[in-house]
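We number each residue from 1, following the sequence as shown.
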Amino acid sequence: MIADGARLAYGMLMDRAAAEDVVQESAFKAWRRLGNIRSGSDFRPWFLGIVVNQARSTRRASWWSVLRIDPNVAATASDDAAVRGADLRKALLRVPADQRAAILLHFYLDLPLDEVATALGISVAGVKSRINRGLKRMRPGLQGYEVVL
């Protein structure tokens, strides 16, 4: 559960330290609000929704506007897989946060669409729309790569 939250936060922020902070803050908020979850509801999408909101708040903070360059990406640029991963991360960062969250929850964490909808507080149709718009926005940055869905 926490590992999924960490992967989601890292996917949204592309900064391991910030992602760890987001997960820690999200876990604390979830613990404080545990009484708010409806009986019979699944905990995972509820918690991931908190992680998404906390990552958005972190991203909106004023210090986040500084460009961060991962030195590991530049150091391993000769490795084809690293280059593809860097291109994917760059394309993903061009996508608005709401669309990025839907893409990460569905494709990166393998959540079904209904759990993504629950985590984001929107309908399944809204999730499909966000994923579709986000993937369309990512495609120009991934020209030349075969995309298998």
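Tracing side-chain contacts under 4.5 Å through hydrophobic residues (I, L, V, M, F, W, Y), one reaches Leu93 starting from Leu13; they form part of the same cluster. Placement of Leu8 and Phe28 in two distinct hydrophobic clusters is found when ILVMFWY residues are connected by side-chain heavy-atom separations under 4.5 Å, directly or transitively. Criterion: ILVMFWY side-chain heavy atoms under 4.5 Å apart, direct or through other members. Under it, Leu48 and Trp31 are not part of a common hydrophobic cluster.
Between Asp42 and Pro45 the shortest heavy-atom distance is OD2-CD, 3.4 Å. Between Ala6 and Ala19 the shortest heavy-atom distance is O-CB, 4.2 Å. Between Arg56 and Ala101 the shortest heavy-atom distance is NH2-CB, 4.4 Å. Closest non-hydrogen pair, Ala55 versus Val22, comes out as N-CG1, 3.8 Å.
One distance of note links CG of Leu135 with CZ of Phe107; it measures 5.0 Å at 0.5 Å rounding. Interatomic distance, Ile103 CD1 to Leu109 CG, rounded to the nearest 0.5 Å: 12.5 Å. A distance of 9.5 Å separates CD in Glu115 from CG in Leu105, rounded to the nearest 0.5 Å. Atom CZ of Arg137 sits about 10.5 Å away from atom CZ of Arg100, to the nearest 0.5 Å. Distance check: Leu104 CG to Ile131 CD1 gives 10.0 Å after rounding to the nearest 0.5 Å. Note that CD of Gln99 and OG of Ser129 are 8.0 Å apart. Values are rounded to the nearest 0.5 Å.
In terms of modelled atom types and a separation under 3.5 Å, the side chain of Asp15 and the main chain of Ala18 share a donor-acceptor contact. Ser57 contributes a side-chain N or O that, together with a main-chain N or O of Asn53, makes up a donor-acceptor pair within less than 3.5 Å. A donor-acceptor pair under 3.5 Å is formed between the side chain of Thr58 and the backbone N or O of Gln54.
Between Phe43 and Trp46, the ring planes are tilted. Angles from 30° to 60° get that label.
For Gln24, the CD atom counts as loosely surrounded, since its 6.0 Å shell holds 12 or fewer non-hydrogen atoms of other residues, nucleotides or ligands. With a 6.0 Å radius and a threshold of 12 heavy atoms from other residues, nucleotides or ligands, Lys29 has its NZ atom above the threshold. Annotation for Arg38: atom CZ does not count as buried by contact number, only 12 or fewer foreign heavy atoms lying within 6.0 Å. Atom CZ of Arg94 sits in a crowded spot, with more than 12 heavy atoms from other residues, nucleotides or ligands closer than 6.0 Å.
At least one side-chain heavy atom of Arg130 sits less than 4.5 Å from a side-chain heavy atom of Leu120. Looking at heavy atoms from C-beta onward, Leu92 lies out of side-chain contact with Met12 at the 4.5 angstrom threshold.
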